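As the structure is a prediction and not an experimental result, all values here were calculated from the model.
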2 protein chains.
Amino acid sequence: MSRTDAPRARSGAPTSRGTATARRIESSAVALVLQHGYDATTVDMICADAGISQRTFFNHFATKDAAVIGTDVPRLDESRVRAFIAASGPNLLADAAELIALPGLDGAMDPQLMRLRMRAISSSAELMQRQLERFASIEAELAEVIEYRLARLSTPDESAAEVREQSRLTAHLLAGILRYSADALMSGDSASVPAIVAQTRDRLTALLPKLAGR
Amino acid sequence: MSRTDAPRARSGAPTSRGTATARRIESSAVALVLQHGYDATTVDMICADAGISQRTFFNHFATKDAAVIGTDVPRLDESRVRAFIAASGPNLLADAAELIALPGLDGAMDPQLMRLRMRAISSSAELMQRQLERFASIEAELAEVIEYRLARLSTPDESAAEVREQSRLTAHLLAGILRYSADALMSGDSASVPAIVAQTRDRLTALLPKLAGR
DNA sequence: AATCCAGTATGCAGTGACTGCAGTTTGGCT
DNA sequence: AGCCAAACTGCAGTCACTGCATACTGGATT
């Protein structure tokens, strides 16, 4: 019934990452969306362009938008997580922002398709929305990691439950930062991901003291 | 084509707020979702329960989820906006969080339906998501208001453009706070809206110094 | 009282995303 | 050659949603 949370596919639950067919579908989808816009691009059009049947399309991608934005989910970079927990720099938020390993940055994907995909996503408010929703998927995990750092900063009068809530709140703040970065990345003309991340970090460092009062 | 951004309806663009039919549809929708879950509740079921045709349903609500979560959008409370701009308290974020006038709190709605609606929304991840998306609709407005306050706190080396970007970043942070509050409100068993807002404010006040370092 | 009109409700046919099922092709392996 | 699992396909069906053309309603106008 729901269109967005459909189960993967049926039997093999193909990861889509890697199979030639999935790649063809993805590049057709991105190209057509860039050409006609997301709403005007039907699944049938993508199938025709990729030379496959509609059923095959849905064997690879659970939804139409998955074919455009990709199936990889942002993850926490384990090695960085350990470093983050051990560290104790003053700027927890900025540190945490670097925990997230954006998919597609690990070089496993064609950078050309990557660039087109980003343009396609930013051309549609709906796709952008879906893209941002993905950040929410790691928020719980993020809150847990943050809790380790935050526990060391807690005052004696704060219960463990309170620290946990503060961690969850921090994770939500972080999601806001990520949304801001994604926004800047997509709407800005050029600018690489590392550049945007660094810029946001600086901006945040300047901003936080103003928000926290003195 | 898109399911989520459909234009209101055709001629009169009914506000849905107030008409008896719209109210019947809303309460049928909420009741059925509570009973069967969102995905298992079809538009036809709601129509049958409310005693209207499907076409009439879509004359009142642009989408199925609109009938459950309501059509009112959060707005900035104008009188509070003026107070916010004039004030200069140390806790800008917490101040800003009170700018938002949540719909349904102005007493114009049946509190009983309000409570059922909240339970219905929190019973489905998809609905919750849609609900949270609405906060994004006022982010631009919010950033503009924040800019007034932030401009007074800027250092000489910061350009107007930089202040604007910091304001946008702040608006995104605020959206995170709102999401956290909404989450707490929905998942918590009881707790009134003002109580949650106050609690979040306190929590934020305790948290911010930790995040900004000293 | 007859007329008119705007607002609202409806039936119907169509589009587009998505699913389940049942059957076929394909390529590697024995 | 024969076999098997993975991948592909057609098809029929469900559900959200739209456009259009057509009623029904109650009150304001003449």
Rounded to whole Å, OH of B:Tyr38 lies from P of D:dC15 at a distance of 14 Å
Among D:dT18, C:dC21, D:dA16, which nucleotide sits nearest the side chain of A:Arg55? C:dC21
Looking only at the side chain of A:Thr56 (C-beta and beyond, no hydrogens), which of the listed nucleotides C:dC18, C:dA9, D:dT9 gets closest? D:dT9
Any donor-acceptor pair under 3.5 Å linking the side-chain atoms of B:Thr56 with those of B:Ser53? yes
Tell me: CD of B:Gln54 to P of D:dA16, nearest whole Å? 7 Å
Contacts of B:Arg149 meeting side-chain hydrogen bond (donor to acceptor under 3.5 Å, both in side chains) (sequence neighbours excluded), chain-then-number -> B:Asp95
Can you see whether A:Asp65 engages A:Thr63 through a side-chain donor-acceptor pair at a distance of less than 3.5 angstrom? yes
If only side-chain N and O atoms of A:His60 are considered, is one of them under 4.0 Å from the OP1 or OP2 phosphate oxygen of D:dA7? no
Whole Å only: how far is the CZ atom of A:Phe61 from the P atom of C:dA17? 15 Å
Listing request: all salt bridge (Lys or Arg N to Asp or Glu O under 4.0 Å) pairs with a residue in residues 166-180 of chain B, at least two apart in sequence or in separate chains. A:Asp183-B:Arg168, B:Glu165-B:Arg168
Figure out the CD1/C1' separation between B:Ile52 and D:dA23, and round it to whole Å. 17 Å
Candidate nucleotides C:dG16, C:dT19, C:dT10, ranked by approach to the side chain of A:Phe58 - the nearest: C:dT19
Counting side-chain heavy atoms from CB outward, which of D:dG10, D:dA16, C:dT10 is closest to B:Asn59? C:dT10
Rounding to a whole Å, what distance do you find between B:Lys64:NZ and D:dT14:C1'? 12 Å
Rounded to whole Å, how long is the line connecting atom CZ of A:Phe57 with atom P of D:dC8? 13 Å
In whole angstrom, give the distance that lies between atom CG of B:Asp44 and atom C1' of D:dG13. 14 Å
Tell me whether A:Arg134 contacts the main-chain N or O of A:Asp72 through its side chain, where contact means a donor paired with an acceptor under 3.5 Å. yes
Using whole Å, report how far CZ of B:Arg130 lies from C1' of D:dA16. 11 Å
Between C:dC12, C:dC18, D:dC17, spot the one nearest the side chain of B:Thr63, thanks. D:dC17
From D:dC8, D:dA16, C:dC12, nucleotide with atom closest to A:Thr21 side chain: D:dC8
